Novice: 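Can you read through this structure? Questions will come right after.
No experiment lies behind these values; they were computed from the predicted model shown.
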Amino acid sequence: VDWIARGDEKYDFVLLDAYAGEEIPGALAKPAFFRAVARRLAPDGVIAINIAEMEADGQAAARAFAAVFTPFDCRRTPVDGNILLFAAAGSHAEDAARMQRWLTDWDARRVTDFSLAALAARRAPAPECDALGVSGRRPR
């Protein structure tokens with residue numbers, strides 16, 4: 001957690017998979033952590049967080065995330081049913097070409113066992129997204 005507060009490098013995209021075993025470390029479910037991440041995002045930066053379950057730890061992390069950022073999209077992953085929440089550093093204007101390039105680059109790395117590009121193409125949010133007030137539709 002401390003490394004993010006100490007650095008000054010800016011990031012265009014941050015994807016957080018903040019689990020330590022089966023739990024989210026307490027420090028990563030607090031607004032202070034997300035404020036530190038916000039300071040590291042480039043002006044047009046986008047952050048996403050993976051939440052495996054929306055009970056207890058997951059709900060606390062989602063609330064802390066939404067206390068700092070305004071989520072603009074929310075999806076359920078096709079393989080394990082996790083929730084991905086997306087937010088932007090500032091007001092989010094969709095740059096479809098830029099996002100497609102990033103998604104293609106991410107998929108080429110084979111970091112996830114599903115395609116983020118395919119997930120982004122689907123417009124059906126999970127019920128948990130509705131509960132968080134995120135409809136799964138990006139603002140235009």
Side-chain angles (χ1 to χ4, degrees):
V1 175
D2 292 336
W3 72 269
I4 196 129
R6 286 192 310 259
D8 59 359
E9 186 175 357
K10 300 291 185 184
Y11 297 97
D12 292 326
F13 297 98
V14 173
L15 178 58
L16 297 170
D17 189 10
Y19 285 82
E22 296 293 316
E23 298 176 352
I24 298 174
L28 275 61
K30 295 191 177 358
F33 171 73
F34 292 107
R35 284 191 294 273
V37 173
R39 288 189 292 275
R40 300 292 298 276
L41 280 176
D44 293 336
V46 172
I47 179 173
I49 183 171
N50 173 58
I51 300 174
E53 49 77 28
M54 289 304 286
E55 292 81 33
D57 293 346
Q59 193 172 64
R63 280 195 205 122
F65 182 85
V68 175
F69 298 104
T70 301
F72 66 83
D73 206 349
C74 178
R75 303 296 171 103
R76 179 183 296 281
T77 62
V79 174
D80 53 19
N82 289 2
I83 299 297
L84 288 176
L85 284 173
F86 296 87
S91 62
H92 179 70
E94 186 173 320
D95 180 341
R98 181 173 178 237
M99 183 60 81
Q100 189 58 48
R101 284 191 305 273
W102 185 84
L103 292 168
T104 300
D105 288 347
W106 179 269
D107 286 348
R109 291 184 196 125
R110 299 192 179 284
V111 176
T112 53
D113 52 3
F114 59 89
S115 166
L116 276 181
L119 183 62
R122 294 187 316 161
R123 288 291 187 211
E128 293 87 349
C129 300
D130 291 334
L132 292 168
V134 182
S135 67
R137 289 184 173 74
R138 294 181 185 101
R140 297 282 176 189

Novice: Please tabulate, for the side chains in residues 78-86, all donor-acceptor contacts under 3.5 angstrom to protein atoms that are two or more places apart in sequence or on a different chain.
Specialist:
{"from": "Asp80", "atom 1": "OD1", "to": "Thr77", "atom 2": "OG1", "distance (Å)": "2.5"}
{"from": "Asp80", "atom 1": "OD1", "to": "Asn82", "atom 2": "N", "distance (Å)": "3.1"}
{"from": "Asp80", "atom 1": "OD2", "to": "Asn82", "atom 2": "ND2", "distance (Å)": "3.4"}
{"from": "Asn82", "atom 1": "ND2", "to": "Asn50", "atom 2": "OD1", "distance (Å)": "3.0"}

Novice: Does Asp12 form a side-chain contact (heavy atoms from CB on, under 4.5 Å) with Val46? I'd like the steps, not just the answer.
Specialist: CA-CA 6 Å; Asp12 292 326; Val46 172; over 6 Å; no
Novice: Can you name the residues that form a side chain to side chain donor-acceptor pair (under 3.5 Å) with Ser115, not counting sequence neighbours?
Specialist: Asp107
Novice: Quick one: closest heavy-atom pair of Val68 and Ala38, and the distance?
Specialist: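 Val68 and Ala38 have their closest heavy atoms at CG1-CB, 4.3 Å.
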Novice: Taking only residues two or more places apart in sequence or in another chain, which ones pass ring-ring contact (aromatic ring centres under 6.0 Å, His included) with Phe65?
Specialist: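 Residues passing ring-ring contact (aromatic ring centres under 6.0 Å, His included) with Phe65: Phe34, Phe69.
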Novice: Going from CG on Leu28 to CG on Leu16, what distance comes out if it is rounded to the nearest 0.5 angstrom?
Specialist: 7.0 Å
Novice: Taking the side chain as every heavy atom from C-beta outward, state whether Phe13 and Asp105 have any pair of such atoms under 4.5 Å apart.
Specialist: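 In short, these two side chains do not touch, never coming nearer than 4.5 Å.
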Novice: Taking all non-hydrogen atoms of both residues into account, name the closest pair between Pro31 and Ala67 and its distance.
Specialist: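 It is CG-CB, 4.3 Å.
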Novice: Would you find a donor on one side and an acceptor on the other, under 3.5 Å apart, between the side chain of Lys10 and the backbone of Gly45?
Specialist: no
Novice: So does Glu9 get a backbone contact from the side chain of Arg40, meaning a donor-acceptor N/O pair under 3.5 Å?
Specialist: yes
Novice: Going from CD on Gln59 to CD1 on Ile51, what distance comes out if it is rounded to the nearest 0.5 angstrom?
Specialist: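 Going from CD on Gln59 over to CD1 on Ile51, the span is 9.5 Å.
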